[in-house]
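To keep things clear, I will list the structure first and then write my remarks on it.
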Number of protein chains: 2
Amino acid sequence: MTNPTPSPVPTLRDVAQAAGVHTATASRALNPKTRQQISAETARRVMRAAQALGYQPNSVARSLKTSRSATVGLVIPDLTNPLFPPIVRGVESVLESDGYNVWIVNTDNDEERERAKIESLRSRQVEGLIVATARLDHPLLRQLHEQGVAMVLINRQVPDLPIPAVTGDDATGVAAAVGHLAELGHTRIAHLSGPLGTSTGRVRAQAFRHAVRDHGLADDPALVIECARWSEEDGAAALRELLARTTGFTAVVAGNDLIALGCYDVFAESGLSCPGDISVIGFNDMPFLDKLRPPLTTVAVPHHELGAEAARMLLDRIDDPGRPARSVLLPVTLVVRGSTAPPPGHHHEAADATASPPPAHPGNATAPST
Amino acid sequence: MTNPTPSPVPTLRDVAQAAGVHTATASRALNPKTRQQISAETARRVMRAAQALGYQPNSVARSLKTSRSATVGLVIPDLTNPLFPPIVRGVESVLESDGYNVWIVNTDNDEERERAKIESLRSRQVEGLIVATARLDHPLLRQLHEQGVAMVLINRQVPDLPIPAVTGDDATGVAAAVGHLAELGHTRIAHLSGPLGTSTGRVRAQAFRHAVRDHGLADDPALVIECARWSEEDGAAALRELLARTTGFTAVVAGNDLIALGCYDVFAESGLSCPGDISVIGFNDMPFLDKLRPPLTTVAVPHHELGAEAARMLLDRIDDPGRPARSVLLPVTLVVRGSTAPPPGHHHEAADATASPPPAHPGNATAPST
DNA sequence: TCGTTTCCCGCAAACGATTGCGTTGGCTAG
DNA sequence: CTAGCCAACGCAATCGTTTGCGGGAAACGA
């Protein structure tokens, strides 16, 4: 079966003609902002005609004339990272209620693709960009900023550029994670950092070392290792390398949840038990973590709010480009699940002296695995 | 810090002026298809000028003139469903290499939002639509089809409309799932179907009843229950209701993975053990299922290929709207993990008579059943 | 030398909307 | 009765490209 022949789509001229008025009049009648310039009677006639013809204004023509588009671009490094879809929803929730459309593009962490997609967005007159792909050194973003493009960064920032950003409070989150592990009795804690070319990677890594020192624990450079990307595979690779070259650590705080998942893979292949032999903490609290084996202890960032706040800031910026670029840090919370427990052989002040399951935590507390 | 003043973006006229030619000449010089109409020398001059000015063609103006846009819309019901991001990647992979842009929109399963977003896509002159939101009765899709919009459905179809679709082989997948459970010794198997207003929901439900009969098992209508949406919450609700009104079933095949995850929630709250007391099979094999507790047995559909094939079909359709609308069914495979085991008290022909853990399947063990 | 072809390139009309400005007609005020 | 005003609407330019068409000049054959 083939497609029916496309019926010609009605234009403003058709509407005007049907209503017996000039296109200018039709245009004004159809636009609520200008409708009061038109007599009620004529306006009604035009709107009826539009209705009857099924008229839909051509946004392309409108954009060309007005150089606006009611559209903003959302630049995501990797849609398959479950962190991002909730953020996207957050962005959409506020932008849509404001009449904006959101154009989502996926760069796959590829610089060339990023450039191409952003270029394509710009050439379509998007009115602003929400960017989740920021790297510490990011010439493209610098250039866009210099060209006066309205932008808000999300989840990551680029410190040298005065672009507003909304991120989770990485430092506090990592400190909470380390604190939790220290409290459980761990003394040698490793960190599988995310890419140090991203602010999140670097900030979390720095916060890790600070926290470790603050707790009087081993601050051994050999205990932190960088993952090339924020992925399960790279997390696994990093942990393998760490296991090969260092020993004696009983816990790892991962740069994010995916890296933590990579650890799970290594545990499975090497026969290590989590949290029996080694504890893990993730970052982000992406969906479904509570159903893992073991449920992953992690630092929860408010995904939806992250997106929503970024969207609000972008709107502010669009209708007043001159305003100062404040950045916001959203509060995070440690959510303790089953992947953290006292280190093997640890003597807790309580009775049991073996590597027993961790104390059941109320609420999210899923049963700890042995 | 505020934004710098936006520098005026160069237009084709600027380029032409800089190169000392007419805009028409500049246009032709910049377009590879028409460049041979221009002397090599002039073309070089124009291209150099464009380069120097940092000229980027204005797609809006181009679209207005040509009524093309090199853009297709991708309509997703719920981006937070991990099934979709890999599909998106599949779509992008083929469309991008063909010079197309992909505009992803998220309808949140809301009919009004869907209409608005599709309208917005159309008014932007997208050249085609890949739609993952199809319902069995879908007036909007019918209307679009009648207007001659190039479309391809993905993952779901609408049977009455001759729109090409690419989906997984739902019937075979469900049959494999039921077969696997039957082989394990289950005789009363329940089905938590997806919404019966979607083809996937209905096809899988029908296939379930067929499969159950084919294996000579109980075909009790009380054993199938419909979930209102493809979500964890609705899966949980459905299983709760089923547990309340029926007993004696030892396995459930869920309409998809999210519904299966809902079952996990119910198990946790009701103290049931999976797979000890009850087995579960999902559908789709979305990411991270292998890390669940227990790892979810499911039917894997080729996400990436699903998207890629849909994109290819759309391209075909765009440059030849007249071609017949063939639909394709992509093969699926049962991947057996840890959420399925013999029913409690089942005497297997092998030695052990208790509800022991399932035989360890090596790796991802995509052992095709029967 | 004179057509005729070929090669480059410019002219101008679109595409479909928005909007500043001008024009019209009806009304009030002086 | 005329000046002045306002409301309602039309005119035409414009946004930045693309593209059919035509023209001028060079090249070619006879």
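Here is how names work: the chains are called A, B, and so on, in the same order as the sequence lines, proteins then strands, and each is numbered from 1.
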Quiz item: What is the 5' to 3' range of DNA chain C, first to last nucleotide, that sits under 4.0 Å from any heavy atom of chain A?
Solution: C:dG16 to C:dG20
Quiz item: Quick one: on DNA chain C, does A:Gln56 or A:Arg28 contact a more 5' nucleotide (nearest heavy atom)?
Solution: A:Gln56
Distances under 3.5 Å only, N/O to N/O: pair up the protein atoms with those of nucleotides 13-15 of chain D.
{"from": "D:dT14", "atom 1": "O2", "to": "A:Lys65", "atom 2": "NZ", "distance (Å)": "2.8"}
{"from": "D:dC15", "atom 1": "O2", "to": "A:Lys65", "atom 2": "N", "distance (Å)": "3.4"}

Quiz item: Any salt bridge between B:Glu305 and B:Arg312, counting N to O under 4.0 Å?
Solution: yes
Quiz prompt | Atom pair CD1 (A:Ile104) and NZ (A:Lys117), whose distance is rounded to the nearest 0.5 Å | solution = 11.0 Å
Quiz item: NA contact type, A:Leu12, heavy-atom cut-off 4.0 Å: base, sugar-phosphate, or nothing?
Solution: base
Quiz item: Taking it one step at a time, do A:Arg115 and A:Glu111 satisfy salt bridge (Lys or Arg N to Asp or Glu O under 4.0 Å)?
Solution: CA-CA 6 Å; A:Arg115 174 176 294 275; A:Glu111 203 158 342; over 6 Å; no
Practice problem: Check whether any side-chain nitrogen or oxygen of B:Ser27 sits under 4.0 Å from OP1 or OP2 of D:dT17, and answer yes or no. | Solution: no
Quiz item: Is there a side-chain polar atom (N or O) of A:Thr42 under 4.0 Å from OP1 or OP2 of D:dA8?
Solution: no
Quiz item: Nearest 0.5 Å, what's the CD1-CG distance between B:Ile38 and B:Asn31?
Solution: 10.5 Å
Exercise. With heavy atoms under 4.0 Å as the rule, sort B:Val21 into base, sugar-phosphate or nothing.
Key: sugar-phosphate
Exercise. Check for a donor-acceptor pair, side chain of A:Asp108 on one end and backbone N or O of A:Asp110 on the other, with a separation under 3.5 Å.
Key: no
Exercise. Would you mind telling me which residue lines up with the more 5' stretch of DNA chain D, B:Thr34 or B:Val60, judged by nearest nucleotide?
Key: B:Val60
Quiz item: Using a distance-only test with no angle check, is there a side-chain donor-acceptor pair under 3.5 angstrom linking B:His138 and B:Glu114?
Solution: yes
Quiz item: Sub-3.5 Å donor-acceptor pair from the side chain of B:Arg28 to the main-chain atoms of B:Thr34, do we have one?
Solution: no
Detail all sub-3.5 Å separations between protein N/O atoms and N/O atoms belonging to nucleotides 4-7 of chain D.
none

Quiz item: Between atom CG of B:Leu141 and atom OG1 of B:Thr133, what is the distance when rounded to the nearest 0.5 Å?
Solution: 6.0 Å
Exercise. Taking the side chain as every heavy atom from C-beta outward, state whether A:Ser93 and A:His304 have any atom pair closer than 4.5 Å.
Key: yes
Practice problem: Determine, for B:Glu41 against B:Arg44, whether the closest basic-nitrogen to carboxylate-oxygen distance falls under 4.0 angstrom. | Solution: yes
Practice problem: Quick one: do B:Trp103 and B:Leu121 satisfy side chain to side chain contact (heavy atoms under 4.5 Å, CB included)? Show the steps, please. | Solution: CA-CA 8 Å; B:Trp103 194 335; B:Leu121 287 171; 3.7 Å; yes
